[in-house]
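Computed from a predicted structure; not experimentally measured.
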Amino acid sequence: MSVREPLTVQVLLFARYAEEAGTDSLTLEVPSGSTVGGVLDLVRARLSRPHALPPRPLVALNRSQTDLLSEVRSGDELAILPPVAGG
Amino acid sequence: MSVREPLTVQVLLFARYAEEAGTDSLTLEVPSGSTVGGVLDLVRARLSRPHALPPRPLVALNRSQTDLLSEVRSGDELAILPPVAGG
Amino acid sequence: MSAAPRRVVETSLDAGELRALVTDSGHGAVVLFEGVVRDSHQGHSVTSLEYTAYLPMAEVTLEDIIHEAQRRWRVRVEVRHRIGRLTVGESSVLVVAAGAHREESFLACRHVIDEVKARVPIWKRERYADGREVWVDPTVPTLPGESG
Amino acid sequence: MSAAPRRVVETSLDAGELRALVTDSGHGAVVLFEGVVRDSHQGHSVTSLEYTAYLPMAEVTLEDIIHEAQRRWRVRVEVRHRIGRLTVGESSVLVVAAGAHREESFLACRHVIDEVKARVPIWKRERYADGREVWVDPTVPTLPGESG
């Protein structure tokens, strides 16, 4: 696979973020070498109210909490998590 | 009632103290003006092992905790309580 | 004792029933403490326990403890203590505290069980696997070989 | 998820069942925390809640929290969190901690519910008597008039 080939990332949205996006799941093609932060920018661009997704939301890559600088790989599951409110 | 008339006090014994006394209840006639401590001395004198009743056990007069100096009145219920162990 | 509940009972304890007595629709946090007969105590193998109480004073003391907790925290509290013979695994005491938030429910529940153990005139006789029976005295550790 | 229990469930919670999963004959102290849907939140009259979860991550996080508590204290711990729609008075979460002594059971139970509320990816949407629905965000107080 060439280094320039785009990656496919599954983005999961929950609660308020899913409402803002009008969906709880997006499949995005992103450039090779993209970071979590880069994927978030693409998600934000699709929202009618982009500011509804804060600059540094909680994010989990393949079900483990991560940060905006992590690089994504093809097939990754990136979850964008509003502040949790269980209990 | 004359001041010299003896009083009748109901003494209740529990747990280890009842075993030492061989009974859980004694009706004692004590001199008018007797204190809780005085009644305890009479109880202690009836035990085969007088030291089994410590010098200052927990005592309750009519179901309220009290001390050795309280004066008893006729009809009082004096309970001698080993260290509690509920729960 | 008027219409007050009997809190020292000879029958098995039911946590669900006790919880139902104190909870209302404003409560978001219920904390339940359950004391259970263990199979060992200070190295002895325990087969059963017998609890005995100075009943009228135990009831008054429990009522005092509950009222104190309900004055100190915004909670409703109930307690049951079983007496008589209990075997390993049976519940000896239940404390339930229900309030709007967990902080006060935890604090009240913990405080009440501590007070129950410290103040209520109830005594416990342990029966060991070797046949001996010993009155438990929390103020002195039981020594092996010491008996009733 | 292999044979691990599902701890995030859509059915009503049963404290007795959960207790039975963790207790053994060496346990003398069981502490149960129960979170219950309240009829009000920050001045709003609540009629029902809806919980939603990121299920696989919620299960992994609960397992982590339980193992952490069991390493820190000599206790056995279990947790269940309900999701879906709940009405006032229904239980949303149960935490049970069973150990030899009450100190460790209380500490573990309190720690686990705090961690559950802080870390498990579950969200709560409140439905108010006036018909509005609001996602609860514990990081900012909900303002009257603000909507989902």
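- Listed for the D/Trp123 side chain is no donor-acceptor partner under 3.5 Å among the backbone atoms of A/Phe14.
- Heavy atoms of D/Ala58 lying under 4.5 Å from chain A are absent altogether.
- In this structure, D/Tyr51 contributes its side chain and A/Gly87 its backbone to a donor-acceptor pair below 3.5 Å.
- Atom CH2 of D/Trp135 and atom CD of A/Glu20 lie 12.0 Å apart (nearest 0.5 Å).
- Proximity to chain D is absent for every atom of A/Leu58, based on heavy atoms less than 4.5 angstrom apart.
- Among all heavy-atom pairs drawn from A/Val84 and D/Lys117, the shortest one is CG2-O, 3.4 Å.
- Counting non-hydrogen atoms of neighbouring residues, nucleotides and ligands closer than 6.0 angstrom, the CZ atom of D/Arg74 reaches no more than 12 such neighbours.
- When all heavy atoms are compared, the tightest approach of D/Met57 to A/Arg63 is CG-O, 3.4 Å.
- The part of D/Arg119 that comes within reach of chain A is its backbone (N, CA, C, O), which places non-hydrogen atoms under 4.5 angstrom from that chain.
- Residues D/Tyr54 and A/Glu77 have side chains in contact (heavy-atom distance under 4.5 Å, counting atoms from C-beta outward).
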